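Report on the structure given below.
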2 protein chains.
Amino acid sequence: MITPAQRYERFLTDLKAAGVRLTEQRKVIVKVLAEAHDHPNADELYHRAYVLDGSVSLSTVYRTLRLLEDHGAIQRHDFDAGRARFENADTDHHDHLIDVDTGQVIEFRSERIEKLQAEIAAELGFDIVRHKLELYGRRRG
Amino acid sequence: MITPAQRYERFLTDLKAAGVRLTEQRKVIVKVLAEAHDHPNADELYHRAYVLDGSVSLSTVYRTLRLLEDHGAIQRHDFDAGRARFENADTDHHDHLIDVDTGQVIEFRSERIEKLQAEIAAELGFDIVRHKLELYGRRRG
DNA sequence: ACCGATTTGCGAATGATTTGCAATTGCGTT
DNA sequence: AACGCAATTGCAAATCATTCGCAAATCGGT
Ligand SMILES: [Mn+2]
Ligand SMILES: [Mn+2]
Ligand SMILES: [Zn+2]
Ligand SMILES: [Zn+2]
């Protein structure tokens, strides 16, 4: 079980190893990402970071998100078109179930589905590079 | 095997039945959608419609797309973030495999994957309202 | 502490989509 | 077939998320 603090340290270590300059703003944004348990968008990340350090701007949040994505440190999602959502990429691959009533995002992983996807692609003569599986559902009740 | 002409007629019939005013522009846009074999975006639809009738504007294309989507006549996809793509909704449900090198969109359907998704949602206490499955792959060779 | 390359905040630019408004048009009614 | 008015249109301006230009600030190796 990795803690947010450990995740934060790993973020910084990896970035430093990659020769990325560790500015105050980047450290704050990375900390916010390391502590996020949800799938925040750029604006939400900006607000959380701004509380910790008023010198963070929305532009830098966007630039840092792009940087981290390019380094494979975070992953970008487009659940609802219009606003991208982010999460750190150090966890195992998983897909998402979105509660259409509350917007809550639930993570899951199915080996069978992962395998089936590869089989389908193979039948069509393709190798999967990446995939997107999102279930939009309503709580039973 | 439904023909584009038949699809076009059905579009018009359904819209008329729903009390939608059949303007020249809407008829042209609907015709273009009925004849599309790919997954065009708003701008592509606009150009194809404009050739048939120079009185069609991009605004009306957008307004008509929204109208048709609200009526369940077409479906919107967000393969690449930024530009929505559309296809008529009278065909059976299917998912998409996108060739990352060419952008080509290949349709497929897997009963097993459809069923697995429902099972996973059920395990989590949900009923699926809709889902999005996109495979991004590279041709084997 | 120094210094140059990198990064930042700001505001302006972007690109897709939406919207306000005056002019046009579909279509039910004479 | 002409009438009348609410719905629809084209155009330009507005939106919204994201990117970009640039001068000022800062990181990090020396
Ligand atoms: Mn997740
Ligand atoms: Mn399709
Ligand atoms: Zn998956
Ligand atoms: Zn499906």
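This is a predicted model, so every value here is computed, not measured. Below, read A as the first sequence line, B as the second, and so on, with proteins coming before strands; counting in each chain starts at 1.
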Just by modelled atom types, is the Ala34(B) backbone N or O under 3.5 Å from a matching donor or acceptor in the Arg7(B) side chain? yes

Is there a path of hydrophobic side-chain contacts, each under 4.5 Å between heavy atoms of I/L/V/M/F/W/Y residues, joining Phe86(B) to Val56(B)? yes

For Pro40(A) versus Leu45(A), what's the shortest heavy-atom pair and its separation? CG-CD2, 3.5 Å

Within the 3.5 Å criterion, strictly below it, is a donor on His77(B) or Glu87(B) matched to an acceptor on the partner's side chain? yes

Shortest non-hydrogen contact from Val61(A) toward Ala42(A): CG1-O, 3.7 Å

What integer distance in Å separates Asn41(A):CG from dT18(D):C1'? 12 Å

Which nucleotide sits closest to the side chain of Arg63(A): dC20(D), dT18(D), dT9(D)? dC20(D)

Below 4.0 angstrom from OP1 or OP2 of dT17(C), is there any side-chain N or O of Tyr62(B)? yes

Round to a whole Å and report the spacing from CG of Asp43(B) to P of dT18(C). 14 Å

Set of residues satisfying ring pair (Phe, Tyr, Trp, His ring centres under 6.0 Å) with respect to His37(A), sequence neighbours excluded: none

Interatomic distance, Lys27(B) NZ vs dC27(C) C1' [rounded to whole Å]: 11 Å

If I take atom OH in residue Tyr46(A) and atom P in nucleotide dT8(C), what distance separates them, rounded to the nearest angstrom? 14 Å

Between N or O atoms, less than 3.5 Å apart, protein on one side and nucleotides 12-14 of chain C on the other: list the pairs.
none

Separation of dT18(C) C1' from Leu65(B) CG (nearest whole Å): 13 Å

In whole angstroms, how far is the P atom of dA25(D) from the CG atom of Asp53(A)? 16 Å

Is the NZ or CZ atom of Arg85(B) both under 6.0 Å from the centre of the six-membered ring of Phe79(B) and within 45° of that ring's axis? no

Distances under 3.5 Å between protein N/O atoms and the N/O atoms of nucleotides 24-26 of chain C, please, pair by pair.
unit_1  : atom_1 : unit_2   : atom_2 : d
dG26(C) : N2     : Arg21(B) : NH2    : 3.4

To the nearest angstrom, how far is Leu67(B) atom CG from dT18(C) atom P? 13 Å

For the residue pair Glu114(B) / His93(B), report whether a side-chain donor-acceptor contact shorter than 3.5 Å exists. yes

Both Asp78(B) and Val56(A) contact DNA chain C. Which one's nearest nucleotide lies toward the 5' end? Val56(A)

Arg26(A), nearest nucleotide to its side chain (from dT9(D), dC20(D), dT7(C)): dT7(C)

Are any of the side-chain heavy atoms of Leu12(B) and Arg10(B) separated by less than 4.5 Å? no

Whole-Å distance between dT18(D) C1' and Leu58(A) CG? 8 Å

